[in-house]
Each structure stands twice: as C-alpha cells, then as structure tokens.
Amino acid sequence: MTEAHHMTEAQQLTIPDHIHGYPDIAFGGYVAGLLAAHSPADTVRVDFRRALHVGKPVHLIESGGDRVALAAPDGSVLVEASPSTLAITPPPAPSWSVAKTATETALTSPKRQVTDCYGCGIACPPGRGLRLFPWSTPDHDLIAAAWTPDPNLADANGELPAEVVWSALDCPGGIAAWVQSDMGQGAFTAALTATQLRPVLAGAEHISHAWAIHRDGRKHTVGVALSTADGELCALAEALWIEPKGA
C-alpha cells in the first residue's frame with residue numbers, strides 16, 4: 001500500500017522523506033493532490049507560495065469554504081488550493097507503442113539524469129516512486145510515456161489516490177517545457193490546475209503525454225494528460241513552471 005502522509009487530529013502532517021523532487025523539497029504534484037483531495041471542487045488550482053520540505057511538520061487548514069492550504073508552524077501559507085477551471089483541449093494521446101518507445105528512449109538517453117525524484121526518478125524502487133519516464137515521441141510533437149502503476153502506489157481498492165494521480169501530472173510537464181520551449185535548469189512548479197475524470201488503476205497500462213503551450217520569459221505553461229492505453233482520458237492538467245533568475 002502507498003505510504004500515507006502522517007496526520008494528527010490537529011491536522012498536522014508530514015510529507016515522507018522519499019516523496020521529493022529536488023532533494024529535501026516535497027514533490028509538487030503529491031502535495032497538490034493532497035490538497036485537491038480535501039477540496040469540494042472537481043477542478044482545483046494549487047499555487048505554491050514557498051518551498052515545502054519533506055520530513056517537516058506542516059498544518060492543513062480548511063477554510064470551511066472552498067479553499068485549502070498547507071501552512072508552516074508559524075502560520076505562513078506554503079501551498080494553497082482553490083476551485084478553478086481548465087480551458088485547454090488535449091491533443092489525442094499517442095498509441096501505447098509510441099509511448100512505450102518514448103519511455104525506452106528516456107531510459108537509454110545520455111541526456112537523462114539518474115535521480116530519485118518521486119515522479120520520474122529511475123533510482124526509486126518500484127512502489128516507492130512513480131517510475132514514470134517521459135521523453136519525446138519520434139515526431140517530437142509530444143512528450144509521452146507508457147506507465148503501469150505499481151500496486152504499492154494504490155489504495156485498498158486498487159485505485160491510485162489523488163496525490164499519486166496528481167504526481168503523474170507533474171514531471172511530464174516539466175520535461176515538455178525543457179524539451180519544447182528550452183526551459184532552463186532548476187525550474188519548479190509554481191501552479192498546477194487539474195481534474196480527474198475517471199479512476200486510475202494500479203497494474204493497468206496508461207499513457208502520459210505532455211506538450212508546451214506558452215512561454216513568457218521565465219514562465220512556461222504546459223499541458224499534461226493521463227489516459228488509458230485505449231486513449232480514454234483519466235486526468236488533465238495545466239501547469240505553470242518558472243525558471244530561477246539567471247537560469
């Protein structure tokens with residue numbers, strides 16, 4: 001079973017140490033999915049205000065309305081979620097064969113770093129990370145990956161919880177921005193807006209695909225979709241990535 005975040009009756013939680021992107025920084029998609037699971041909205045926008053570290057207690061704050069946030073012990077807001085909408089239309093998912101070729105290319109490319117990123121790190125053991133390996137399709141129009149979620153990422157019903165589904169909507173967008181709009185190193189997810197349309201099942205074949213939408217200086221907007229192997233859309237996201245100054 002997936003390792004749960006630790007929560008007390010006082011709504012204190014800690015992101016486990018292994019759920020990180022950059023070292024010691026909690027994985028953005030996972031954090032966003034945690035907040036989305038507490039939101040009453042079908043489509044949620046999550047804004048990252050400050051870095052959230054793994055292994056450090058934070059507080060889940062529900063406004064009693066439609067906003068949810070994670071705050072530091074001093075009360076400063078780190079991440080905030082609010083209802084939103086999505087206006088993007090995803091391009092058709094590539095075939096399973098094309099997505100599988102992209103993943104095989106990712107695993108053999110000398111350009112790909114070996115990391116333990118919770119989303120796309122090859123150094124993560126199965127079930128401790130998503131092991132989602134996106135790369136360019138042969139025609140370079142999309143970033144894609146073939147993905148079969150490990151059963152240890154699922155809940156008791158075999159479904160991936162929101163925090164894992166949203167995690168799958170994170171890294172592919174960053175790779176799309178790096179490859180398609182020349183995003184610099186050290187960029188981070190500043191906002192993630194997503195909706196889940198159907199359950200994502202462990203052990204079932206899925207296709208991830210992502211594409212660059214717009215660039216404005218250091219800001220990169222990307223789209224990410226997660227589909228079944230037959231191309232039925234499971235989840236859709238739009239993300240804003242920002243390069244650090246001087247990247």
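What you see is a predicted model, and the numbers here were worked out from it, not measured in a lab.
Judged purely by atom type and a 3.5 angstrom limit, Ser208 has no side-chain atom pairing as donor or acceptor with the backbone of Ala145. Under the 3.5 Å distance criterion, the side-chain polar atoms of Arg131 are matched with a main-chain donor or acceptor of Ile122. Of the possible donor and acceptor atoms, none in the side chain of Glu159 sits under 3.5 Å from a partner among the backbone N and O of Pro199. Judged by distance alone, the side chain of Trp211 and the main-chain N or O of Val224 form no donor-acceptor pair under 3.5 Å. Judged by distance alone, with hydrogens and angles left aside, the side-chain atoms of Asp230 form no donor-acceptor pair with the main-chain N or O of Glu232 at under 3.5 Å. No donor-acceptor pair under 3.5 Å is formed between the side chain of Trp166 and the backbone N or O of Leu35. Put simply, the side chain of Thr195 gets close to the backbone of Asp42: a donor and an acceptor are under 3.5 Å apart. Counting only distance, with no hydrogens or angles, the side chain of Asn152 and the backbone of Gly127 share no donor-acceptor pair below 3.5 Å. A donor-acceptor pair is defined here as one N or O able to donate and one able to accept, closer than 3.5 Å; no such pair exists between the side chain of Arg50 and the backbone of Leu52.
Contact between Glu238 and Ile88 at its shortest, heavy atoms only, is OE1-CG2, 2.9 Å. When all heavy atoms are compared, the tightest approach of His209 to Ser227 is CE1-OG, 4.2 Å. When every heavy atom of Leu78 is checked against every heavy atom of Ala51, the shortest pair comes out as CD2-O, 4.1 Å. Between Leu192 and Ala237 the shortest heavy-atom distance is CD1-CB, 4.0 Å. In this structure, Ala212 and Ala176 approach most closely via the heavy-atom pair N-CB, 4.1 Å. Scanning all heavy atoms of the two residues, the minimum distance from Leu132 to Ala168 falls at CD2-O, 3.6 Å.
Atom CH2 of Trp241 is separated from atom CD1 of Ile175 by 8.0 Å, given to the nearest 0.5 angstrom. Atom NE2 of His214 sits about 10.0 Å away from atom OG of Ser181, to the nearest 0.5 Å. We find the CD1-OG1 distance between Ile143 and Thr137 to be 7.0 Å, quoted to the nearest 0.5 Å. Residue Thr228 holds its OG1 atom at 6.5 Å from NE2 of His206, rounded to the nearest 0.5 Å. Cys120 SG to Trp135 CH2: the interatomic distance, rounded to the nearest 0.5 Å, is 9.5 Å. Atom CD1 in Ile213 sits 10.5 Å away from atom CG in Leu240 (nearest 0.5 Å).
Note on Val222: it does not cluster hydrophobically with Trp147, by side-chain heavy-atom contacts below 4.5 Å among ILVMFWY residues. A chain of hydrophobic side-chain contacts below 4.5 Å, direct or via other Ile, Leu, Val, Met, Phe, Trp or Tyr residues, connects Val31 to Leu60. Tracing side-chain contacts under 4.5 Å through hydrophobic residues (I, L, V, M, F, W, Y), one never reaches Ile61 starting from Leu70; they form parts of separate clusters. By the criterion of side-chain heavy atoms lying less than 4.5 angstrom apart, applied directly or through intervening Ile, Leu, Val, Met, Phe, Trp or Tyr residues, Leu153 is not grouped with Ile207; the two fall into different hydrophobic clusters. Hydrophobic clustering (side-chain heavy atoms under 4.5 Å, transitive across Ile, Leu, Val, Met, Phe, Trp, Tyr) groups Phe27 together with Val68.
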Next on the checklist: Set out, in order, the CA-CA distance, both residues' side-chain angles and the distance that settles side chain to side chain contact (heavy atoms under 4.5 Å, CB included) for Ile25 and His53, then state yes or no.
Outcome noted: CA-CA 5 Å; Ile25 303 298; His53 294 270; 3.5 Å; yes
Item to check | Derivation of the side-chain hydrogen bond (donor to acceptor under 3.5 Å, both in side chains) call for Ser76 and Asp74 | outcome: CA-CA 6 Å; Ser76 58; Asp74 66 3; 2.7 Å; yes
Item to check | Worked verdict on Val46 versus Val79 for side chain to side chain contact (heavy atoms under 4.5 Å, CB included) | outcome: CA-CA 7 Å; Val46 178; Val79 189; 3.3 Å; yes
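A side-chain hydrogen bond (donor to acceptor under 3.5 Å, both in side chains) check over residues 82-91, counting only residues at least two apart or in different chains, returns nothing. Among residues at least two apart or in separate chains, there is no side-chain hydrogen bond (donor to acceptor under 3.5 Å, both in side chains) pair with a member in residues 92-103.
Side-chain atoms of Leu34 and Ile15, non-hydrogen and from C-beta on, do get closer than 4.5 Å to each other. Side chains of Leu13 and Pro57 form no contact here, defined as non-hydrogen atoms less than 4.5 Å apart. By the 4.5 Å heavy-atom criterion applied to side chains, Asp116 and Cys124 are counted as neighbours. For the pair Val164/Tyr118, a side-chain contact is recorded, criterion being any heavy-atom separation below 4.5 Å from C-beta on.
Enclosure of atom CG in Asp141 by more than 12 non-hydrogen atoms of other residues, nucleotides or ligands within 6.0 angstrom is indicated.
None of Lys219, Arg218, Arg215 except one satisfies the salt bridge (charged side-chain N to carboxylate O under 4.0 Å, His left out) rule with Glu243; the exception is Arg215.
Aromatic pair Phe48/Phe188: centroids not less than 6.0 angstrom apart.
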